[in-house]
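Ligands are counted one by one from 1 in listed order, and the atoms in each one are counted from 1 as well.
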Amino acid sequence: MKVYMDNNATTMVAPEVVEAMVPFFSEVYGNPNSLHKFGTATRPALSHAIDQVYKAINASDNDDIVFTSCATESNNWVLKSVWVDKILNGDKNHIVTTEVEHPSVLSTCKFLEEQGVKVTYLPVNSEGIVEPHTVKSFITDKTALVSVMWANNETGMIFPIKEIGEICKSKGVLFHTDGVQAVGKIPVDVQDVHVDFMSMSAHKFHGPKGIGALYIKDSQALTPLLTGGEHMGGRRSGTLNVPYIVGMGKAAEMATENIEEKMKAIRAKRDRLEDALLTLSDTFTVGQREHRTPNTILISIRGVEGEGMLWDLNRFGIGASTGSACASEHLEANTVMLAIGADHELAHTGIRISLSRYTTDEEVDYVINHFKEAVARLRAISSSYAKVKPTPGGEAGECHIPEHLT
Ligand SMILES: Cc1ncc(COP(=O)(O)O)c(C=O)c1O
(Lines give C-alpha, C1' and ligand atoms only; values in the text may rest on other atoms or scores of the structure.)
Protein backbone atom coordinates (compact mmCIF):
# COMPACT_ATOMS: atom_id res chain seq x y z
CA MET A 1 0.00 0.00 0.00
CA LYS A 2 1.20 3.53 -0.72
CA VAL A 3 0.01 6.30 1.57
CA TYR A 4 0.80 9.92 0.88
CA MET A 5 0.92 11.97 4.07
CA ASP A 6 2.98 14.91 2.82
CA ASN A 7 0.27 17.20 1.49
CA ASN A 8 1.87 20.35 2.89
CA ALA A 9 4.78 19.70 0.51
CA THR A 10 2.56 19.18 -2.51
CA THR A 11 -0.72 17.54 -3.41
CA MET A 12 -2.03 15.18 -6.05
CA VAL A 13 -3.60 17.08 -8.94
CA ALA A 14 -7.35 16.45 -8.74
CA PRO A 15 -8.60 14.40 -11.75
CA GLU A 16 -11.17 17.13 -12.54
CA VAL A 17 -8.32 19.65 -12.65
CA VAL A 18 -6.33 17.52 -15.10
CA GLU A 19 -9.46 17.13 -17.23
CA ALA A 20 -10.02 20.90 -17.28
CA MET A 21 -6.39 21.55 -18.30
CA VAL A 22 -5.97 18.96 -21.08
CA PRO A 23 -7.66 20.85 -23.97
CA PHE A 24 -5.35 23.81 -23.43
CA PHE A 25 -2.18 21.90 -24.28
CA SER A 26 -2.84 20.88 -27.87
CA GLU A 27 -6.34 21.94 -28.85
CA VAL A 28 -6.80 25.49 -27.59
CA TYR A 29 -3.12 26.38 -27.48
CA GLY A 30 -3.00 29.93 -28.84
CA ASN A 31 -1.27 32.80 -27.09
CA PRO A 32 -3.99 34.83 -25.32
CA ASN A 33 -2.23 38.01 -26.46
CA SER A 34 -2.57 37.09 -30.16
CA LEU A 35 -5.37 38.78 -32.03
CA HIS A 36 -6.28 35.80 -34.22
CA LYS A 37 -8.85 33.17 -33.30
CA PHE A 38 -6.26 30.77 -31.90
CA GLY A 39 -5.40 33.40 -29.33
CA THR A 40 -8.87 34.73 -28.63
CA ALA A 41 -10.19 31.16 -28.19
CA THR A 42 -8.23 30.89 -24.93
CA ARG A 43 -9.76 33.98 -23.36
CA PRO A 44 -13.12 32.69 -22.06
CA ALA A 45 -11.34 29.92 -20.15
CA LEU A 46 -8.79 32.38 -18.82
CA SER A 47 -11.37 34.81 -17.55
CA HIS A 48 -13.35 31.93 -16.02
CA ALA A 49 -10.22 30.76 -14.17
CA ILE A 50 -9.52 34.29 -12.95
CA ASP A 51 -13.11 34.51 -11.65
CA GLN A 52 -12.67 31.18 -9.87
CA VAL A 53 -9.55 32.42 -8.04
CA TYR A 54 -11.22 35.75 -7.14
CA LYS A 55 -14.18 33.88 -5.73
CA ALA A 56 -12.00 31.43 -3.79
CA ILE A 57 -10.50 34.24 -1.69
CA ASN A 58 -13.45 36.66 -2.01
CA ALA A 59 -11.40 39.33 -3.80
CA SER A 60 -13.31 42.37 -5.01
CA ASP A 61 -13.39 43.81 -8.54
CA ASN A 62 -11.05 46.60 -7.41
CA ASP A 63 -8.39 44.10 -6.44
CA ASP A 64 -5.88 42.47 -8.74
CA ILE A 65 -4.79 38.84 -8.90
CA VAL A 66 -1.67 38.29 -10.97
CA PHE A 67 -0.57 34.78 -11.96
CA THR A 68 3.06 33.91 -11.25
CA SER A 69 5.17 30.77 -11.68
CA CYS A 70 4.89 29.83 -7.99
CA ALA A 71 4.52 31.31 -4.52
CA THR A 72 8.30 31.62 -4.28
CA GLU A 73 8.04 34.13 -7.11
CA SER A 74 5.08 35.91 -5.47
CA ASN A 75 7.01 36.24 -2.19
CA ASN A 76 10.14 37.46 -3.99
CA TRP A 77 8.09 39.93 -5.98
CA VAL A 78 6.50 41.60 -2.96
CA LEU A 79 9.67 41.82 -0.88
CA LYS A 80 11.97 42.98 -3.67
CA SER A 81 9.49 45.44 -5.16
CA VAL A 82 8.61 47.01 -1.82
CA TRP A 83 12.38 47.45 -1.36
CA VAL A 84 12.57 49.27 -4.71
CA ASP A 85 9.37 51.30 -4.23
CA LYS A 86 9.54 52.25 -0.55
CA ILE A 87 13.20 51.92 0.44
CA LEU A 88 15.37 52.70 -2.60
CA ASN A 89 12.85 55.24 -3.91
CA GLY A 90 11.31 56.25 -0.57
CA ASP A 91 12.23 57.13 2.98
CA LYS A 92 11.77 53.69 4.64
CA ASN A 93 14.51 51.22 5.54
CA HIS A 94 12.89 48.41 7.54
CA ILE A 95 10.97 45.16 6.98
CA VAL A 96 9.34 43.07 9.71
CA THR A 97 8.91 39.32 9.28
CA THR A 98 9.00 36.21 11.49
CA GLU A 99 11.59 33.56 12.30
CA VAL A 100 9.34 30.81 10.93
CA GLU A 101 8.54 32.01 7.42
CA HIS A 102 9.10 29.79 4.41
CA PRO A 103 12.67 29.97 2.98
CA SER A 104 11.33 31.92 -0.02
CA VAL A 105 10.65 34.80 2.40
CA LEU A 106 13.61 34.28 4.73
CA SER A 107 16.24 33.97 1.98
CA THR A 108 14.85 37.02 0.22
CA CYS A 109 15.01 38.96 3.49
CA LYS A 110 18.64 37.85 3.91
CA PHE A 111 19.35 39.12 0.39
CA LEU A 112 17.72 42.45 1.24
CA GLU A 113 19.78 42.69 4.45
CA GLU A 114 22.90 42.35 2.27
CA GLN A 115 21.60 45.34 0.32
CA GLY A 116 21.41 47.38 3.53
CA VAL A 117 17.75 46.86 4.50
CA LYS A 118 17.06 46.42 8.22
CA VAL A 119 15.03 43.26 8.78
CA THR A 120 13.42 42.23 12.07
CA TYR A 121 12.75 38.49 12.42
CA LEU A 122 10.04 38.27 15.06
CA PRO A 123 10.20 35.45 17.58
CA VAL A 124 7.25 33.09 17.93
CA ASN A 125 5.51 32.02 21.13
CA SER A 126 5.45 28.49 22.55
CA GLU A 127 2.77 27.49 20.02
CA GLY A 128 4.85 28.73 17.12
CA ILE A 129 2.88 31.84 16.21
CA VAL A 130 3.78 35.48 16.37
CA GLU A 131 1.53 37.55 18.60
CA PRO A 132 -0.05 40.79 17.33
CA HIS A 133 1.43 42.89 20.16
CA THR A 134 4.91 41.64 19.17
CA VAL A 135 4.34 42.82 15.61
CA LYS A 136 3.08 46.18 16.88
CA SER A 137 6.06 46.74 19.13
CA PHE A 138 8.55 46.35 16.28
CA ILE A 139 6.89 48.62 13.71
CA THR A 140 8.63 52.01 13.44
CA ASP A 141 8.06 55.01 11.19
CA LYS A 142 10.77 53.51 8.96
CA THR A 143 8.93 50.22 8.44
CA ALA A 144 7.97 49.67 4.82
CA LEU A 145 6.42 46.20 5.05
CA VAL A 146 5.27 43.53 7.48
CA SER A 147 5.33 39.99 6.05
CA VAL A 148 3.72 37.30 8.22
CA MET A 149 2.48 33.95 6.93
CA TRP A 150 -1.21 33.00 7.31
CA ALA A 151 -0.49 29.40 8.30
CA ASN A 152 2.80 27.66 8.95
CA ASN A 153 3.85 24.87 6.60
CA GLU A 154 5.39 22.70 9.31
CA THR A 155 3.09 23.06 12.29
CA GLY A 156 -0.09 24.12 10.50
CA MET A 157 -0.46 26.86 13.12
CA ILE A 158 -2.79 29.64 11.96
CA PHE A 159 -1.47 33.13 12.63
CA PRO A 160 -3.66 36.03 13.89
CA ILE A 161 -3.69 37.65 10.46
CA LYS A 162 -6.80 39.71 11.07
CA GLU A 163 -5.33 41.46 14.13
CA ILE A 164 -1.92 41.91 12.46
CA GLY A 165 -3.62 43.37 9.38
CA GLU A 166 -5.50 45.89 11.54
CA ILE A 167 -2.26 46.94 13.25
CA CYS A 168 -0.52 47.46 9.88
CA LYS A 169 -3.49 49.40 8.55
CA SER A 170 -3.59 51.69 11.60
CA LYS A 171 0.17 52.29 11.32
CA GLY A 172 0.04 52.89 7.56
CA VAL A 173 2.43 50.00 6.87
CA LEU A 174 2.03 47.59 3.94
CA PHE A 175 1.07 44.05 4.95
CA HIS A 176 1.96 40.91 3.01
CA THR A 177 0.90 37.43 3.98
CA ASP A 178 2.18 34.17 2.56
CA GLY A 179 -1.19 32.44 2.20
CA VAL A 180 0.18 29.25 0.65
CA GLN A 181 -0.77 26.92 3.50
CA ALA A 182 -4.08 28.66 4.18
CA VAL A 183 -5.82 28.94 0.81
CA GLY A 184 -7.86 25.79 0.20
CA LYS A 185 -7.35 24.51 3.75
CA ILE A 186 -9.19 27.12 5.83
CA PRO A 187 -11.57 29.93 4.84
CA VAL A 188 -9.59 32.84 3.41
CA ASP A 189 -11.56 36.04 2.87
CA VAL A 190 -9.48 39.03 1.83
CA GLN A 191 -12.41 41.37 2.48
CA ASP A 192 -12.65 40.23 6.08
CA VAL A 193 -8.96 40.72 6.81
CA HIS A 194 -6.77 43.63 5.81
CA VAL A 195 -3.94 42.34 3.61
CA ASP A 196 -2.24 44.36 0.89
CA PHE A 197 -0.60 41.35 -0.76
CA MET A 198 -1.14 37.61 -0.48
CA SER A 199 0.88 34.82 -2.12
CA MET A 200 -0.80 31.61 -3.27
CA SER A 201 0.32 28.35 -4.88
CA ALA A 202 -1.91 25.94 -6.83
CA HIS A 203 0.01 22.76 -6.03
CA LYS A 204 -0.88 23.03 -2.34
CA PHE A 205 -4.59 22.63 -3.09
CA HIS A 206 -4.69 19.89 -5.73
CA GLY A 207 -3.71 22.10 -8.65
CA PRO A 208 -0.58 21.78 -10.81
CA LYS A 209 2.94 22.70 -9.74
CA GLY A 210 4.54 25.74 -11.37
CA ILE A 211 1.63 28.14 -11.08
CA GLY A 212 0.93 30.62 -8.31
CA ALA A 213 -0.59 34.03 -7.87
CA LEU A 214 -0.25 37.28 -6.02
CA TYR A 215 -3.34 39.02 -4.67
CA ILE A 216 -2.94 42.83 -4.70
CA LYS A 217 -5.47 44.85 -2.71
CA ASP A 218 -7.08 47.73 -4.60
CA SER A 219 -4.79 46.97 -7.54
CA GLN A 220 -2.16 49.16 -5.90
CA ALA A 221 1.12 49.88 -7.68
CA LEU A 222 3.99 47.41 -7.26
CA THR A 223 7.08 47.56 -9.46
CA PRO A 224 7.10 44.40 -11.62
CA LEU A 225 9.67 41.70 -10.93
CA LEU A 226 9.56 40.43 -14.52
CA THR A 227 9.60 43.00 -17.30
CA GLY A 228 9.16 42.25 -20.97
CA GLY A 229 6.10 41.95 -23.17
CA GLU A 230 3.77 43.76 -20.79
CA HIS A 231 1.58 40.72 -20.12
CA MET A 232 -1.05 40.93 -17.39
CA GLY A 233 -1.33 44.66 -17.91
CA GLY A 234 2.43 45.05 -17.44
CA ARG A 235 2.25 43.54 -13.95
CA ARG A 236 4.17 40.39 -14.88
CA SER A 237 5.64 39.76 -18.29
CA GLY A 238 5.81 36.28 -19.77
CA THR A 239 3.33 34.45 -21.99
CA LEU A 240 0.40 33.34 -19.90
CA ASN A 241 0.50 29.68 -18.92
CA VAL A 242 -3.08 29.00 -20.00
CA PRO A 243 -3.42 25.29 -19.06
CA TYR A 244 -1.95 25.91 -15.61
CA ILE A 245 -4.04 29.00 -14.97
CA VAL A 246 -7.13 26.99 -15.96
CA GLY A 247 -5.96 24.26 -13.56
CA MET A 248 -5.38 26.71 -10.74
CA GLY A 249 -8.85 28.19 -11.21
CA LYS A 250 -10.53 24.77 -11.14
CA ALA A 251 -8.47 23.63 -8.16
CA ALA A 252 -9.24 26.83 -6.22
CA GLU A 253 -12.94 26.40 -6.88
CA MET A 254 -12.95 22.75 -5.84
CA ALA A 255 -10.87 23.33 -2.70
CA THR A 256 -12.95 26.23 -1.40
CA GLU A 257 -16.51 25.16 -2.17
CA ASN A 258 -18.12 23.82 1.02
CA ILE A 259 -14.78 24.29 2.72
CA GLU A 260 -16.24 23.95 6.22
CA GLU A 261 -17.50 20.45 5.38
CA LYS A 262 -14.17 19.48 3.84
CA MET A 263 -12.34 20.79 6.91
CA LYS A 264 -14.60 18.81 9.22
CA ALA A 265 -13.94 15.57 7.35
CA ILE A 266 -10.15 16.05 7.24
CA ARG A 267 -10.04 17.19 10.87
CA ALA A 268 -11.85 14.04 12.02
CA LYS A 269 -9.23 11.84 10.33
CA ARG A 270 -6.34 14.00 11.52
CA ASP A 271 -7.58 13.95 15.11
CA ARG A 272 -8.10 10.19 15.09
CA LEU A 273 -4.57 9.71 13.79
CA GLU A 274 -3.11 12.18 16.28
CA ASP A 275 -4.96 10.61 19.23
CA ALA A 276 -3.64 7.19 18.27
CA LEU A 277 -0.04 8.39 17.89
CA LEU A 278 -0.18 10.25 21.17
CA THR A 279 -0.83 6.98 23.01
CA LEU A 280 2.87 6.23 22.39
CA SER A 281 5.01 7.17 25.37
CA ASP A 282 7.08 10.36 25.38
CA THR A 283 5.34 11.78 22.37
CA PHE A 284 3.92 15.24 21.82
CA THR A 285 2.54 17.35 19.00
CA VAL A 286 3.27 21.01 18.41
CA GLY A 287 0.45 23.54 18.77
CA GLN A 288 -3.15 23.15 19.86
CA ARG A 289 -5.29 21.39 17.28
CA GLU A 290 -7.97 24.03 17.15
CA HIS A 291 -5.34 26.61 16.19
CA ARG A 292 -3.98 24.51 13.34
CA THR A 293 -4.99 23.88 9.74
CA PRO A 294 -7.16 20.76 9.93
CA ASN A 295 -4.77 18.51 8.02
CA THR A 296 -1.47 18.96 9.88
CA ILE A 297 0.39 17.19 12.70
CA LEU A 298 3.96 17.95 13.73
CA ILE A 299 4.82 15.13 16.10
CA SER A 300 7.91 14.51 18.15
CA ILE A 301 8.83 11.14 19.62
CA ARG A 302 11.43 11.37 22.31
CA GLY A 303 14.58 9.47 21.44
CA VAL A 304 13.47 8.66 17.87
CA GLU A 305 15.30 10.54 15.19
CA GLY A 306 12.99 11.99 12.53
CA GLU A 307 14.99 10.92 9.48
CA GLY A 308 15.16 7.33 10.78
CA MET A 309 11.37 7.34 11.14
CA LEU A 310 10.95 8.71 7.63
CA TRP A 311 13.05 5.95 6.13
CA ASP A 312 11.24 3.32 8.11
CA LEU A 313 7.83 4.67 7.10
CA ASN A 314 9.04 4.96 3.52
CA ARG A 315 9.81 1.22 3.46
CA PHE A 316 6.11 0.67 4.06
CA GLY A 317 5.05 3.09 1.36
CA ILE A 318 4.23 5.97 3.70
CA GLY A 319 5.40 9.42 2.64
CA ALA A 320 5.81 11.99 5.43
CA SER A 321 8.36 14.71 6.11
CA THR A 322 10.71 16.11 8.73
CA GLY A 323 10.31 19.73 7.74
CA SER A 324 9.61 21.84 4.69
CA ALA A 325 10.11 19.95 1.42
CA CYS A 326 13.08 22.14 0.52
CA ALA A 327 14.91 21.13 3.72
CA SER A 328 14.19 17.41 3.72
CA GLU A 329 17.24 16.41 1.69
CA HIS A 330 19.51 17.94 4.30
CA LEU A 331 19.73 16.37 7.72
CA GLU A 332 18.76 19.59 9.42
CA ALA A 333 16.83 20.09 12.60
CA ASN A 334 13.28 21.34 12.21
CA THR A 335 13.72 25.10 12.17
CA VAL A 336 10.24 25.86 13.48
CA MET A 337 10.80 23.58 16.47
CA LEU A 338 14.08 25.39 17.14
CA ALA A 339 12.24 28.72 16.95
CA ILE A 340 9.70 27.45 19.48
CA GLY A 341 12.50 26.66 21.88
CA ALA A 342 13.32 22.98 21.32
CA ASP A 343 16.97 22.05 21.58
CA HIS A 344 18.73 20.57 18.52
CA GLU A 345 18.28 16.98 19.63
CA LEU A 346 14.56 17.39 20.10
CA ALA A 347 14.19 19.36 16.89
CA HIS A 348 15.67 16.35 15.06
CA THR A 349 12.72 14.22 16.17
CA GLY A 350 9.96 16.23 14.45
CA ILE A 351 7.86 14.48 11.82
CA ARG A 352 5.25 16.31 9.81
CA ILE A 353 2.19 14.35 8.76
CA SER A 354 -0.15 16.24 6.45
CA LEU A 355 -3.42 14.80 5.18
CA SER A 356 -5.61 15.86 2.27
CA ARG A 357 -9.26 15.65 1.37
CA TYR A 358 -8.39 12.44 -0.48
CA THR A 359 -6.97 10.72 2.63
CA THR A 360 -9.07 7.69 3.56
CA ASP A 361 -9.82 6.04 6.91
CA GLU A 362 -8.07 2.92 5.68
CA GLU A 363 -4.92 4.98 5.05
CA VAL A 364 -5.14 6.48 8.53
CA ASP A 365 -5.32 2.98 10.05
CA TYR A 366 -2.36 1.85 7.97
CA VAL A 367 -0.28 4.81 9.16
CA ILE A 368 -1.24 4.26 12.80
CA ASN A 369 -0.09 0.64 12.68
CA HIS A 370 3.15 1.20 10.83
CA PHE A 371 4.03 4.32 12.78
CA LYS A 372 3.73 2.47 16.08
CA GLU A 373 5.77 -0.44 14.74
CA ALA A 374 8.45 1.91 13.44
CA VAL A 375 8.75 3.69 16.78
CA ALA A 376 9.05 0.38 18.64
CA ARG A 377 11.70 -0.84 16.19
CA LEU A 378 13.77 2.36 16.31
CA ARG A 379 13.54 2.57 20.09
CA ALA A 380 14.71 -1.04 20.37
CA ILE A 381 17.66 -0.32 18.08
CA SER A 382 18.67 2.82 19.96
CA SER A 383 18.43 1.14 23.37
CA SER A 384 20.58 -1.83 22.25
CA TYR A 385 23.05 0.65 20.73
CA ALA A 386 23.07 2.61 23.99
CA LYS A 387 24.10 -0.52 25.89
CA VAL A 388 27.35 -0.67 23.98
CA LYS A 389 27.91 3.04 23.44
CA PRO A 390 26.35 5.37 25.98
CA THR A 391 25.47 8.85 24.78
CA PRO A 392 28.00 11.32 26.19
CA GLY A 393 26.51 13.40 28.96
CA GLY A 394 23.43 11.32 29.68
CA GLU A 395 21.28 8.28 29.10
CA ALA A 396 20.76 7.21 25.51
CA GLY A 397 17.68 8.74 23.96
CA GLU A 398 17.47 11.35 26.64
CA CYS A 399 16.89 14.84 25.38
CA HIS A 400 15.85 18.11 26.85
CA ILE A 401 12.22 18.97 26.19
CA PRO A 402 11.37 22.55 27.06
CA GLU A 403 8.63 22.59 29.68
CA HIS A 404 6.14 24.34 27.46
CA LEU A 405 6.47 21.62 24.81
CA THR A 406 5.69 18.71 27.08
C1 LIG B 1 4.34 28.58 3.37
C2 LIG B 1 4.93 28.38 2.01
N3 LIG B 1 5.29 29.44 1.29
C4 LIG B 1 5.81 29.32 0.07
C5 LIG B 1 6.02 28.09 -0.50
C6 LIG B 1 6.62 28.02 -1.87
O7 LIG B 1 5.63 27.66 -2.80
P8 LIG B 1 6.02 27.27 -4.28
O9 LIG B 1 6.38 25.84 -4.27
O10 LIG B 1 4.78 27.54 -5.09
O11 LIG B 1 7.12 28.17 -4.69
C12 LIG B 1 5.66 26.94 0.22
C13 LIG B 1 5.93 25.59 -0.34
O14 LIG B 1 6.33 24.70 0.37
C15 LIG B 1 5.09 27.09 1.50
O16 LIG B 1 4.73 26.04 2.24
If we ignore angles and hydrogens, is there a donor and acceptor under 3.5 Å between the side chains of Ser60 and Gln191?
no
We want to know whether Lys209 and Thr10 form a side-chain donor-acceptor pair, criterion being a heavy-atom distance below 3.5 angstrom.
yes
Give the numbers and elements of all ligand 1 atoms closer than 4.0 Å to a heavy atom of [X].
| X | result |
| --- | --- |
| Gln181 | 1 (C), 15 (C), 16 (O) |
| Ser201 | 8 (P), 10 (O) |
| His203 | 8 (P), 9 (O), 10 (O) |
| Thr72 | 6 (C), 8 (P), 11 (O) |
| Cys70 | 8 (P), 10 (O), 11 (O) |

If you take the nearest heavy atom of each of Asp178, Asn8, Val100, which one is closest to atom 1 (C) of ligand 1?
Asp178
Measure from atom 5 (C) of ligand 1 to every heavy atom in Glu154, His102, Met200 and give the option owning the shortest one.
His102
Is there side-chain contact between Val286 and Val336, with at least one heavy-atom pair below 4.5 Å?
no
Looking only at heavy atoms, what is the nearest atom pair of Val13 and Gly207, with distance?
CG2-O, 3.6 Å
Parallel, tilted or perpendicular, as decided by the 30° and 60° cut-offs, for the rings of Phe38 and His36:
perpendicular
Using the six-membered ring wherever Trp is involved, compare the ring planes of Tyr358 and His206 and label them parallel, tilted or perpendicular (cut-offs 30° and 60°).
perpendicular
With a cutoff of 4.0 Å, is [X] in contact with ligand 1, counting heavy atoms of the residue only?
| X | result |
| --- | --- |
| Lys204 | yes |
| Lys209 | no |
| Ser104 | yes |

Could you say whether the N/O atoms of Met149 and ligand 1 ever approach to under 3.5 Å?
no
Please step through side chain to side chain contact (heavy atoms under 4.5 Å, CB included) for the pair Val28 and Val242, ending with a clear verdict.
CA-CA 9 Å; Val28 191; Val242 180; over 6 Å; no
Between Lys171 and Asp141, is a salt bridge (Lys or Arg N to Asp or Glu O under 4.0 Å) present by the stated rule, with each step listed?
CA-CA 8 Å; Lys171 299 254 183 197; Asp141 56 1; over 6 Å; no
